[in-house]
Amino acid sequence: MNGAHDMGGMHGFGPVRPEPDEPVFHAEWEKRALALTLAMAMPGGWNIDASRFARENRDPAEYLAMSYYQIWFAGLETLLKERDLVTDDEIVVGHGLHPPKPVKRTLSPDDVLKVLHRGRPTERDTNTKAAFKAGDKVRAKNINPVTHTRLPRYVRGHVGVIERVIGCHVFPDSNATGAGENPQWLYTVRFGGRELWGLDGDPTSAVSVDAWEPYLEPAR
Amino acid sequence: MQLRTRALETILLEKGYIDPAALDVLIETYEKKIGPRNGAKVVAKAWTDSQYRQWLFTDGTAAIESLGFSGRSGNHLVALENTPAVHNMVVCTLCSCYPWAVLGLPPVWYKSAPYRSRTIADPRGVLRDFGVKLPKDTEIHVWDSTSELRYLVVPMRPVATEGWSEEQLAELVTRDSMIGTGLAKSPMDVK
């Protein structure tokens, strides 16, 4: 979706302000928001792409006004409500009012390190052949899905060069909507600064994005 | 937010979806155990062991896992080599993708609109915000983390560190130098 989360190339946000000796969290609730989101993925049964979409799919003005963990918290509420794990009336009173929905399993303290250690590899076996090889010129397609995508707006329509064939990976555009993993070949594609930003671009800079095959078409 | 978070936690607890002890383990892990010292060990080893360095740049995931770092936000790792000719920087314009396994959770600025919007279009301007100035002819290569690959920058080894041990060298490796918004410290900075 063309949401406020897709910020590459926007102007007006001002300078980057690093915070000296920054703590990992700035408030107690941030820790809980992070941990609840991670812990609920197991009983909730959602995947990373669905959770990213739940965070980015909101009014741009609202998105830009929220802090990072506020967005996480709002995304978590969305995911829980979509699956009827929690209802609006429960959120209003701050207590469970309805019987819990059966869940496959919950995350135990013993699971945590195992689950974190396993992570979630996204590479999949395939018997298809990659359409592109390193050095090929490709154009990022001009796609504008209203659903989740990982092709940022700033590269759409631009020509780059395949830098590396990464492998076959879960395709977020499908996975986010519940349409399955639909693994696709994944490439690192490099775009020159002038190609992306015209004469306002820095000719000594380049940007690489990782792009799945359905995002790309051959270019001359 | 404190109240809203607590209310939601209460609901999830009452409905039996969560075990609070698991939340505590998660928080402790990311607050205390996983952080940029992990990445610093990788970089220091790459500075001292040429075979490891080669392995790191050809199969980052395996080379980093050999030091015990892997898993969530670190299943597919790519190490990027900074040289006098090329300076690498990492960003996630779409959200906050970051190599948790080697750097821990990202700082606020990494997730902020200024960094996400500008790094790809004006990397030298962003470097100026960090007080970093590179030679005009150094190429700046920005990596936008749009897939599940996670990028770790290997900064250049500071001069006048010949004979230093891995442990001493790791002290020179800052978090920002592994994102590409900083350089490794010089020996003068730690004396």
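None of the values given here were measured: they were computed from a predicted structure. Heavy atoms only: backbone and side chains are in, while hydrogens, waters and symmetry mates are out.
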Which atom of [X] lies closest to which atom of [Y], heavy atoms considered:
| X | Y | answer |
| --- | --- | --- |
| B:Asp144 | A:Pro152 | OD2-CG, 3.9 Å |
| B:Leu105 | A:Tyr69 | CD1-OH, 3.9 Å |
| B:Arg116 | A:His5 | NH2-O, 2.9 Å |
| A:Ser205 | B:Pro123 | CB-CG, 3.8 Å |
| A:Val86 | B:Lys15 | CA-NZ, 4.2 Å |
| A:Phe73 | B:Arg4 | CZ-O, 3.4 Å |

Taking side chain as everything from C-beta outward and backbone as N, CA, C, O, which of these in [X] sits under 4.5 Å from a heavy atom of chain A? Side chain, backbone, both or neither.
| X | answer |
| --- | --- |
| B:Arg6 | neither |
| B:Pro107 | both |
| B:Thr138 | backbone |
| B:Val78 | side chain |
| B:Lys136 | backbone |
| B:Asn75 | side chain |
| B:Tyr110 | neither |
| B:Leu23 | both |
| B:His76 | side chain |
| B:Ser145 | backbone |

What part of [X] lies closer than 4.5 angstrom to a heavy atom of chain B: side chain, backbone, both or neither?
| X | answer |
| --- | --- |
| A:Val103 | side chain |
| A:Arg52 | side chain |
| A:Leu113 | side chain |
| A:Glu28 | both |
| A:Arg55 | neither |
| A:Ala39 | both |
| A:Val24 | side chain |
| A:Pro43 | side chain |
| A:Tyr215 | neither |
| A:His26 | side chain |
| A:Pro99 | backbone |
| A:Leu85 | both |
| A:His95 | both |
| A:Glu30 | neither |

Practice item. Check whether the side chains of A:Tyr154 and B:Thr93 place a donor and an acceptor atom closer than 3.5 Å, and report yes or no. Key: no

Is it true that atom [atom1] of [X] has more than 12 heavy atoms of other residues, nucleotides or ligands lying nearer than 6.0 Å?
| X | atom1 | value |
| --- | --- | --- |
| B:Glu81 | CD | yes |
| B:Gln51 | CD | no |
| A:Asp89 | CG | yes |
| A:Arg17 | CZ | no |

Would a distance-only check, ignoring hydrogens and angles, find a side-chain to backbone donor-acceptor pair under 3.5 Å from [X] to [Y]?
| X | Y | value |
| --- | --- | --- |
| A:Arg32 | B:Gln2 | no |
| B:Tyr115 | A:Pro18 | no |
| A:Glu19 | B:Val108 | no |
| A:Arg150 | B:Ser147 | no |
| B:Glu14 | A:Gly96 | yes |

Exercise for review: Go through the steps to decide whether B:Trp100 and A:Leu116 satisfy the test side chain to side chain contact (heavy atoms under 4.5 Å, CB included), and finish with yes or no.
Suggested key: CA-CA 10 Å; B:Trp100 289 15; A:Leu116 294 181; 6.0 Å; no

Would you mind telling me which of [options] has the largest number of heavy-atom pairs within less than 4.5 Å of chain B?
| options | result |
| --- | --- |
| A:Met10, A:Arg118, A:Arg120 | A:Arg120 |
| A:Pro109, A:Ala35, A:Gly94 | A:Pro109 |
| A:Leu34, A:Leu196, A:Ile166 | A:Ile166 |

Max heavy-atom pair count under 4.5 Å with chain A, selected residue of [options]:
| options | value |
| --- | --- |
| B:Pro20, B:Ala21, B:Ala101 | B:Ala21 |
| B:Ile140, B:Thr29, B:Thr61, B:Thr10 | B:Ile140 |
| B:Thr119, B:Leu149, B:Leu94, B:Asp19 | B:Leu94 |
| B:His141, B:Glu139, B:Met89, B:Lys32 | B:His141 |

Practice item. Could you check A:Leu36 against B:Glu9 for side chain to side chain contact (heavy atoms under 4.5 Å, CB included), going step by step and ending with a plain yes or no? Key: CA-CA 7 Å; A:Leu36 287 171; B:Glu9 187 171 340; 4.0 Å; yes

Practice item. For chain B, find its close neighbours in residues 181-190 of chain A: heavy-atom separation under 4.5 Å, sorted by number, or none. Key: A:Leu186, A:Thr188, A:Arg190

Does any non-hydrogen side-chain atom of [Y] lie less than 4.5 Å from one of [X]?
| X | Y | result |
| --- | --- | --- |
| B:Glu28 | A:Val112 | no |
| A:Leu80 | B:Leu8 | yes |
| B:Leu26 | A:Leu107 | yes |
| A:Phe13 | B:Arg118 | no |

Review point. side-chain contact (heavy atoms from CB on, under 4.5 Å) with B:Ser70: which residues, sequence neighbours excluded?
Key: A:His117, B:Glu65

**Study point:** side chain to side chain contact (heavy atoms under 4.5 Å, CB included) evaluation trace for B:Ile120 with A:Trp197
**Key:** CA-CA 10 Å; B:Ile120 51 162; A:Trp197 314 105; 3.5 Å; yes

Practice item. Decide side chain to side chain contact (heavy atoms under 4.5 Å, CB included) for A:Lys31 and B:Tyr30; before the verdict, give the C-alpha distance in whole Å, the side-chain angles of both, and the deciding distance to 0.1 Å. Key: CA-CA 9 Å; A:Lys31 304 179 188 180; B:Tyr30 284 109; over 6 Å; no

